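Shown next, in structure tokens, is the structure this report addresses.
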Amino acid sequence: MREFTMKDAYSFDADDAGLDVSYNAMFEAYRRIFARCGVPTVPVQADSGAIGGKGSQEFIFLTNIGEDTIILCDTCTYAANQEKAEFVRPTAIPGAPAPIEEVATPGVTSIEALTEFLGIEARQTAKAVFFMAKQNATGESFPVFAVVRGDLDVNEVKLANALGGVELRPMVDSEVAAYGIVAGYASPVGLRDDVRVVADLSLNDAPNLVAGANKPGFHVRNVNLGRDWTPAVTGDIASAQAGHGCARCAAEGRDGHLRAERGIEMGHVFRLDYTYTNKMNVAVQDANGGQLTPTMGCYGIGVGRILSAAVEAHFDDAGIQWPAEIAPYDVHLVGIGLDRDAEAAADAEALYAELTAAGLDVLFDDRDERPGVKFNDADLLGMPVRLTVSSRNTKAGVVETKARAATEAESVARADVLSRVQALRAEAIASCSVEAIERIARAGSAPA
RNA sequence: CGGGGUGUAGCUCAGCUUGGCAGAGCGCUUCGUUCGGGACGAAGAGGUCCGCGGUUCAAAUCCGCGCACCCCGACCA
């Protein structure tokens, strides 16, 4: 669903402690909302991006058709957007710095080709990517030369953050040439001073790498950071990938590994901090009559996506299985052959009235259709509970009861139908606890 | 913004290459039979072939312009 109708909410507090209370209350409320809607979401650390502020968390519905890449730990509960995910970099091959040495590599312009040509591993190379950056605040534009170890990929969002909030775009060929960079053989060694070099953490303690020679057809061996080149900025600018170590687990002495999943953003909560209240000079009176700038939180839910995600997460071959809290009706009452049996018809009408009086929403199928058509429609529409009234059942003094998810129907004495329906409803609601839903969510992607 | 595709009955679509009476399945209406997991027979209704213009004896079909919707791309040298 491309359309994105947002439910928005904002909080204003006098101080950081107040924001913490508001933010946490909203965060917990969101977990309960998604759970009750039966939408399996995982709370993940997110990049605040263009919105700004001091950190945010997204509620992600994991599904193969998702547009976002989410990194999850298989051991602890760490989960983060790929633009945010911290990870433990695979170790480099140790060694004493050796003399730099040029090597001819005709036609070898990619990391893959380079490792094959020289018979080395990707982590023994340095990969360079170049961008034009525009400082958001000043509008100043400058070239950026990002370097990561060859086994990793540059993450643009992380790179932009490492540069203090800039807008990045890939260099066009003319710019590449203008800054004296040779694409395919680019090197941080001997680069012009006006190009800002940013190094990933993976380059620390990674000796004797192979990098470009900055002339066509040649690379150089034994490039060492610090000796041969010095970055202007060093930071986390590489994407976490499946198989990498979990940073949280490492910090706590465990050995967790990350996996990657696709997901759709269902909601997002931000600590906006003073970003906007400062910018807009918001001031309120404090308890002592003085002026106070409030701190903000911002909270959104993609309302329309809840419906499609709920269905995506709850269906079978026969149709939808609505989570109880958001089902259009609580009960699907199927009448069989009512036009040919006045007694059964009266029974169905009475049951409809009884359930409605008890506060249940009832969809009453009194069409003159064959039973098979009605049962199939009931499965397709997917209300949580199906009741069947027919002359056979009425004569026996029972009503057939079936939860949508159940495989078998049960005959319930007419007098006990209401309490049985209420019990099934209570069960269905209980199955959507925060714990249950988030366990389902983390278990993996729903089918596309 | 770039590339590709689609537009025909209520719905899903064929027909377009090679111009010649507007089609199918499902759904709908009526009648009869049937009646606990998508019944059967018979009869029937239903169209601005996205719009405008052009070519032609003749256009759903060919040509031009326009509109709408869908998919892919617009990151990793």
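Numbers restart at 1 for each chain; the letters A, B, ... are given by sequence-line order, proteins then strands. Every value quoted in this text rests on a predicted model; they were computed, and no experiment measured them.
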| said: Just the rounded figure in Å: distance from P of rA77(B) to NE2 of His219(A). | reply: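 Rounded to the whole Å, the gap is 12 Å.
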| request: Calculate the interatomic distance between Leu114(A) atom CG and rC76(B) atom C1'; express it in whole Å. | output: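 Rounding to the nearest Å, CG of Leu114(A) and C1' of rC76(B) are 16 Å apart.
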Paired with [N] by Watson-Crick or G-U wobble geometry, both distances under 3.5 Å: which nucleotide is it?
N	answer
rA45(B)	none
rG73(B)	rC1(B)
rG19(B)	none
rG64(B)	rC52(B)
rA59(B)	none
rG27(B)	none
rG32(B)	rC40(B)

| query | Below 4.0 angstrom, N of the basic side chain to O of the carboxylate: do Arg271(A) and Asp273(A) qualify? | reply |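 Salt bridge between Arg271(A) and Asp273(A), a charged N being under 4.0 Å from a carboxylate O: no.
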| message | Looking at every heavy atom in both Arg367(A) and Asp377(A), which two are closest together, and how far apart are they? | response |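 Distance-wise, the nearest heavy atoms are NH2-OD2, 2.8 Å.
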Please determine, for the side chain of [X], which listed nucleotide ([options]) has the closest atom?
X	options	value
Asp153(A)	rG38(B), rG37(B), rC76(B)	rC76(B)
Thr109(A)	rA39(B), rG37(B), rA77(B)	rA77(B)
Asp377(A)	rG37(B), rC76(B), rG38(B)	rG38(B)
Met171(A)	rA77(B), rG37(B), rA39(B)	rA77(B)
Pro170(A)	rG37(B), rA39(B), rC75(B)	rC75(B)

Measure the [atom1]-[atom2] distance between [X] and [Y] for me, rounded to the nearest 0.5 Å.
X	Y	atom1	atom2	result
Glu349(A)	Leu333(A)	CD	CG	9.0 Å
Leu191(A)	Thr230(A)	CG	OG1	12.0 Å
Phe87(A)	Cys249(A)	CZ	SG	15.5 Å

| With Glu343(A) via side chain to side chain donor-acceptor pair (under 3.5 Å) - residues at least two apart |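 For Glu343(A), no residue satisfies side chain to side chain donor-acceptor pair (under 3.5 Å) once neighbours in sequence are set aside.
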For nucleotides 29-35 of chain B, tabulate all protein N/O to nucleotide N/O atom pairs closer than 3.5 Å, reporting atom names and distance.
{"residue": "rU34(B)", "atom": "O2", "partner": "Arg370(A)", "partner atom": "NH1", "Å": "3.0"}
{"residue": "rC35(B)", "atom": "O2'", "partner": "Arg340(A)", "partner atom": "NH2", "Å": "3.3"}
{"residue": "rC35(B)", "atom": "O2", "partner": "Arg340(A)", "partner atom": "NH2", "Å": "3.3"}
{"residue": "rC35(B)", "atom": "N3", "partner": "Arg340(A)", "partner atom": "NE", "Å": "3.4"}

[atom1] atom, [N] versus [M]: distance in rounded Å?
N	M	atom1	result
rC62(B)	rC28(B)	C1'	37 Å
rC70(B)	rG23(B)	C1'	25 Å
rG25(B)	rG46(B)	C1'	15 Å

| message | For a quick check of understanding: with a heavy-atom distance under 4.0 Å over all strands, which category does Asp379(A) fall into, base, sugar-phosphate or nothing? | response |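 Touches a base.
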| How would you label the contact of Tyr185(A) with the nucleic acid (heavy atoms, under 4.0 Å): base, sugar-phosphate, or nothing? |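 Tyr185(A): no heavy atom of the nucleic acid under 4.0 Å.
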| task | Go through Phe59(A) and His268(A) one step at a time and tell me if the ring pair (Phe, Tyr, Trp, His ring centres under 6.0 Å) criterion holds. | result | CA-CA 6 Å; Phe59(A) 291 84; His268(A) 204 155; 9.0 Å; no
| Hey, does Leu225(A) have a side-chain heavy atom less than 4.5 Å from the side chain of Asp205(A)? |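 No, every pair of side-chain atoms sits at 4.5 Å or beyond.
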| Taking N and O atoms by type only, does the side chain of Arg367(A) place a donor or acceptor under 3.5 Å from a partner on the base of rG38(B)? |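 Check fails, no donor-acceptor contact within cut-off.
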